[in-house]
Amino acid sequence: MKHMPTILATAALFGVGMTFARADEPATQPATTQPSKVMRDASYGVGYEQLAEMIRNSRVKLDHQALLDGLRDALENRPSKVAPADIKVAMDELMKQFQTQAAVADATAPVENLKAGETYRDENGKKPGVTTTKSGLQIETLKEGTGESPKATDSVKVHYTGKLINGTTFDSSVDRGQPAEFRVSGVIAGWTEGLQLMKIGGKAHMVIPPEIGYGANANGPIPANSTLVFDVELLEIKK
């Protein structure tokens, strides 16, 4: 689960003395026991932005009310309403269902990604200013650079943001606040080609088909057969 480290970090931050107020507790508690607005907002945020997203991304449809009941009972040290043996049987069955769903998704996703990428590139290629090269690379100049273009044997310093066609950012030197440096020939073919069409100070929008990206291989957060979308700024050429 990609958000588990964040959840654990949040738990460590709020772990000591963190409690959940019960809905049936009297509204007129002493002022000293009322949670502050900051704590209420932070607690809500943990549920809304982290736990909920983690559960949504799990591919398993859970009973939300039962989930909340189990969470509250555990946090308030109440006895479980479901026998441990029954929980184990149910969890084993749920895991089997999850594995079956995951296997189906893993088998169909590459084909779906390929089709979705083709549709995306067909539409993108019709936009004014977009040039499609023989390799299938689509490039749009956002800002004209000056001077020379890098060669495959050069190294470059760039800022970039990489996204999937659904808008998910999978990598960004901009977000890290640190430009990337690498040899032009040392990256995926789409980058190698696209960089040589840019000039220093220029910015470009590149759409890279899987054939000149990572192909049928998944690469970390990048699924197999993904069309990749990059915004690139060429900062410097290093001979």
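In this structure, the side chains of I55 and H64 stay at 4.5 Å or more apart for every pair of heavy atoms. At least one side-chain heavy atom of K127 sits less than 4.5 Å from a side-chain heavy atom of N124. By the 4.5 Å heavy-atom criterion applied to side chains, E236 and V156 are not counted as neighbours. E144 places none of its side-chain heavy atoms less than 4.5 Å from the side chain of T146. Looking at heavy atoms from C-beta onward, S173 lies out of side-chain contact with V158 at the 4.5 angstrom threshold. In this structure, Q138 and R121 have side chains that are in contact, with non-hydrogen atoms separated by less than 4.5 Å. Residues T153 and R183 form a side-chain contact, since some pair of their non-hydrogen atoms from C-beta on lies under 4.5 Å apart. With contacts defined as side-chain heavy-atom distances shorter than 4.5 Å, the pair L62/L94 qualifies.
When every heavy atom of P209 is checked against every heavy atom of G136, the shortest pair comes out as CD-O, 3.5 Å. The shortest non-hydrogen separation linking T161 to S172 is OG1-OG, 3.1 Å. Taking all atoms of both residues into account, the shortest heavy-atom contact from P221 to L164 is O-CD1, 4.2 Å. Annotation for L235 and I200: closest pair O-CG2, 3.7 Å, computed over non-hydrogen atoms. Across all non-hydrogen atoms, the minimal contact from T227 to G117 is OG1-CA, 3.3 Å.
Formation of a donor-acceptor pair under 3.5 Å by the T141 side chain with backbone atoms of K143 is not found in this model. No donor-acceptor pair under 3.5 Å is formed between the side chain of D73 and the backbone N or O of G70. Distance alone, capped at 3.5 Å, places no donor-acceptor pair between the S80 side chain and the A83 backbone. With hydrogens and angles ignored, the 3.5 Å screen pairs no side-chain donor or acceptor of T169 with any backbone N or O of D171. Judged purely by atom type and a 3.5 angstrom limit, N113 uses its side chain to pair as donor or acceptor with the backbone of A224.
Listed by chain and number, the residues in a ring-ring contact (aromatic ring centres under 6.0 Å, His included) with F230 are F170, W191 (sequence neighbours excluded). In this view, A204 and I139, M198 satisfy the side-chain contact (heavy atoms from CB on, under 4.5 Å) rule, not counting sequence neighbours.
For the residue pair T133/E193, the side-chain donor-acceptor check at 3.5 Å is satisfied.
L142 and V207 fall into different hydrophobic clusters, where Ile, Leu, Val, Met, Phe, Trp and Tyr side chains are chained together by heavy-atom contacts under 4.5 Å. Neither L234 nor V174 shares a network with the other; the hydrophobic side chains, linked directly or stepwise wherever heavy atoms of I, L, V, M, F, W or Y lie under 4.5 Å apart, form separate groups for each. Grouping the Ile, Leu, Val, Met, Phe, Trp and Tyr side chains by contacts below 4.5 angstrom, directly or via other members, places V111 apart from Y214. No chain of hydrophobic side-chain contacts below 4.5 Å, direct or via other Ile, Leu, Val, Met, Phe, Trp or Tyr residues, connects V82 to L75. Both L197 and M206 belong to a single network of hydrophobic side chains, linked directly or stepwise wherever heavy atoms of I, L, V, M, F, W or Y lie under 4.5 Å apart.
With salt bridges taken as basic N to acidic carboxylate O contacts below 4.0 Å, one links K37 and D41. Salt bridge status for K96 with D92: absent, with no side-chain N to carboxylate O gap under 4.0 Å.
Taking CG of N166 as the reference point, atom NZ of K163 lies at 10.0 Å (rounded to 0.5 Å). The distance from atom CD of E233 to atom NE2 of H159, rounded to the nearest 0.5 Å, is 7.0 Å. To the nearest 0.5 Å, atoms CD (E211) and CG (N225) are separated by 7.5 Å. The line from CG of N219 to OG of S226 is 9.5 Å long, rounded to the nearest 0.5 Å. Atom-to-atom distance recorded for I208:CD1 and I188:CD1 is 4.0 Å, nearest 0.5 angstrom. Put simply, OG on S149 and CG on L195 are 10.0 Å apart, with the number rounded to the nearest 0.5 Å.
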Open item on the list: Run V229 and H205 through side chain to side chain contact (heavy atoms under 4.5 Å, CB included) and show every step you take.
Closed with: CA-CA 7 Å; V229 181; H205 183 74; 3.3 Å; yes

- [ ] Quick one: do I237 and E148 satisfy side chain to side chain contact (heavy atoms under 4.5 Å, CB included)? Show the steps, please.
- [x] CA-CA 9 Å; I237 300 174; E148 62 181 319; 3.9 Å; yes

- [ ] Give the intermediate values and the outcome of side chain to side chain contact (heavy atoms under 4.5 Å, CB included) for residues Q196 and V184.
- [x] CA-CA 8 Å; Q196 293 179 84; V184 174; 4.2 Å; yes

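Within a 6.0 Å radius of CD in E181, more than 12 heavy atoms belonging to other residues, nucleotides or ligands are found. Heavy-atom neighbours of Y48 OH from other residues, nucleotides or ligands within 6.0 Å: at or below the threshold of 12.
Counting only residues at least two apart or in different chains, ring-ring contact (aromatic ring centres under 6.0 Å, His included) contacts with residues 115-152 are absent.
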